[in-house]
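Below: the structure, in structure tokens.
Positions are given from 1 along the sequence. Remember, it's 1-based here, ligands and their atoms both numbered in the order they're listed.
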Amino acid sequence: MNTLLVGAQWGDEGKGKIVDVLTEQHHAVFRSQGGNNAGHTVHIGGKKYVLHLMPSGILRPRCQCLIGHGTVIDPLALVEEIKGLHAQGIKTRGRLFISDRAHVVMPYHRVLDQGREAAAKGKKIGTTGRGIGPAYNDKASRIGLRVGDLLSADKLTGSVRDRVKEINALARQHGWPTVSAAQITKDYLAAGKFLAPYVTDTALKVNELAARGRKILFEGAQGTLLDIDCGTYPYVTSSNTTSAGLCTGSGLAPNRVGKIVGALKAYTSRVGEGPFPTESPDLADLLHALGREFGATTGRARRCGWLDGVLIKYAVTVNGIDEFAITNLDGLDTLPVINIAVAYQLDGKTLTAPPAAIEDLYRCQPVYQSFKGWQADTTAVRSFAKLPRRAQAYLRAVEKITGAKINLISVGPGREQTFGS
Ligand code: GDP
Ligand code: IMO
Ligand code: MG
């Protein structure tokens, strides 16, 4: 059975850790959208790995890994990531497959991303600055370059020259850094040469694997509320992060999907700007003091808050989440009271689904249900039955409020700190 794993919040739900755990029951892991804006952390035997474009399955030696046409690939960053894995004794040849159709993030995409953010002042999105939005923009405008183009000196040289001319003119107007077409062409051809043995049609490959009964795990990046359509637009990323997006981004035929799992953090975090109705600076202070909730890609302190039943129910609906893997339950271990938003109040009305207009979402007041905290260390617990009663009650309440079952519980970053419910 093929599994789609999606983030149910604003990203950083612990998808990397859950992928690592679930990979034991899968033959392949597929990354099908986003780029190196993602940062997926996996702890194995006391060692920490942070993966950006590479599927987290790369850390399991027998697992095949695919990066699909729905991603945007910074080839220089990907080469560095592959070399970093090689330096740690992790092999990639014969196990890693990269789509020839995935769009390429160019240095000028980063110039545009960072330049626009710097100029936006009060309207910043708080992007990762990796050029993701401008790369998807070029794709949608049909002027992008794809991984297959890195293998053709003629095509790359001409396209880069034309686009650099255009972007440097804009950069000069705005006082942004300019880039060199010759340098980009040289660097990207070299990266293309390095990546060539991995490049293939991953859409055909994934459907062949599925037809042969190989079980594939689709590793979502970002989260539902960062989805360009379903998320808190415009404070979103530029891809479809939801379950359907994993199908279009990989080419997996939708009738081959088995199960849809939502990665859910036991509280909420968000990095970047945008509305966050259940935000709690006190909870953020507590987690930051414990050294937790700093971004895996940018190092930025993440905003933190209570679980938001309104948004999670929305995520359950639009993804078709069959079950949750809940992470970071231990993050709540010390709290005397824990809240979950069950509705919003807006202009005297009670809402049970998020409003479309961002201005309205900013004004929503959460209606909380409060729970007594368990105030006990759960990090050594290895079964639902051994969890404190109040932690059990909290998890049951999450199921009731969101309408989806919790199947996996994580109480620490390690592989072993995980159990079924
Ligand atoms: P991702 O982007 O969804 O893969 O999540 P990140 O890796 O960006 O952030 C999740 C963070 O939580 C990482 O530092 C993980 O190591 C950590 N983590 C995951 N599950 C747990 C858990 O159950 N408890 C604790 N303490 N940390 C966890
Ligand atoms: P993982 O896969 C959390 C956020 C950025 C910003 C917005 C747009 O680790 O969960 P972008 O650079 O994509 O144009 O930024 O999206 N963002 C993430 N937040 N986790 C991520 O990935 C994110 N990827 C992008 O902070 O608010
Ligand atoms: Mg992350």
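Per-residue contacts place Ala221 under 4.0 angstrom from the following atoms of ligand 2 (heavy atoms of the residue considered): 2 (O). Per-residue contacts place Ala38 under 4.0 angstrom from the following atoms of ligand 2 (heavy atoms of the residue considered): 1 (P), 2 (O), 9 (O), 22 (O). Listed by number with element, the atoms of ligand 2 under 4.0 Å from a non-hydrogen atom of Gly272 are 27 (O).
The closest approach between any non-hydrogen atom of Gly223 and ligand 2 is not below 4.0 Å. Arg130 does not count as a contact of ligand 2, since none of its heavy atoms falls under 4.0 Å from the ligand. Ligand 2 lies out of reach of Ala296, whose nearest heavy atom is not under 4.0 Å from it. Ligand 2 has at least one atom lying under 4.0 Å from a heavy atom of Arg300. For Arg270, the closest heavy-atom approach to ligand 2 does not fall below 4.0 Å.
With respect to atom 12 (O) of ligand 2, the closest heavy atom belonging to the protein is Thr128 OG1, 2.6 Å. With hydrogens left out, the protein atom closest to atom 6 (C) of ligand 2 is Gly126 O, 3.1 Å, a heavy atom. Of the protein's heavy atoms, Leu226 CD1, 3.6 Å lies nearest to atom 18 (C) of ligand 2. For atom 7 (C) of ligand 2, the closest non-hydrogen atom of the protein is Val236 O, 3.8 Å. For atom 27 (O) of ligand 2, the closest heavy atom belonging to the protein is Val271 O, 3.1 Å. Among all non-hydrogen protein atoms, the one lying nearest atom 3 (C) of ligand 2 is Asp12 OD2, 3.2 Å. Closest protein heavy atom to atom 15 (O) of ligand 2: Thr127 CA, 3.3 Å. Protein heavy atom nearest atom 13 (O) of ligand 2, with residue, atom name and distance: Thr237 OG1, 2.6 Å.
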Report the C-alpha distance between Thr92 and Tyr198 in whole Å, list the side-chain angles of each, state the deciding distance to 0.1 Å, and finish with yes or no for side-chain hydrogen bond (donor to acceptor under 3.5 Å, both in side chains). CA-CA 9 Å; Thr92 56; Tyr198 302 100; 2.7 Å; yes
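Within 4.0 Å of ligand 1, contacts by protein heavy atoms are made from Asp12, Glu13, Gly14, Lys15, Gly16, Lys17, Gly39, His40, Thr41, His43, Arg292, Ala296, Arg302, Thr327, Asn328, Asp330, Ser410, Val411, Gly412, Pro413.
Distances between N or O atoms of Gly39 and those of ligand 2 include at least one value under 3.5 Å. No N or O atom of Glu13 sits closer than 3.5 Å to an N or O atom of ligand 2.
Counted by atom type alone, Arg214 and Asn2 present zero donor-acceptor pairs between their side chains at under 3.5 Å.
Among residue pairs with one or both ends in residues 32-70, none qualify as ring-ring contact (aromatic ring centres under 6.0 Å, His included); sequence neighbours excluded.
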What side-chain donor-acceptor pairs closer than 3.5 Å can you find for residues 351-361, not counting sequence neighbours?
{"unit_1": "Asp360", "atom_1": "OD1", "unit_2": "Arg363", "atom_2": "NH2", "d": "3.3"}

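Looking at Trp10 against ligand 2, only its backbone comes within 4.0 Å, counting heavy atoms. With a heavy-atom cut-off of 4.0 Å, Lys15 touches ligand 2 through its side chain alone.
Between Arg302 and Asp12, at least one side-chain nitrogen of the basic residue sits less than 4.0 Å from a carboxylate oxygen of the acidic one, meeting the salt-bridge criterion. Taking 4.0 Å as the cut-off between side-chain N and carboxylate O, Asp308 and Lys313 do not count as a salt-bridged pair. Between Arg62 and Glu24 there is no salt bridge, since no side-chain nitrogen of the basic residue lies less than 4.0 Å from a carboxylate oxygen of the acidic one. Classification of Arg415 and Asp20 as a salt-bridged pair holds, one side-chain N sitting under 4.0 Å from a carboxylate O.
Listed by chain and residue number, the protein N/O/S atoms under 2.8 Å of the Mg ion (ligand 3) are Asp12 OD1, Gly39 O, with waters left out.
Under the side-chain hydrogen bond (donor to acceptor under 3.5 Å, both in side chains) test applied with Lys17, the options Asn328, Thr327, Thr418 reduce to a single match, Thr418.
At least one donor-acceptor pair closer than 3.5 Å links the side chain of Arg300 to the backbone N or O of Gly126.
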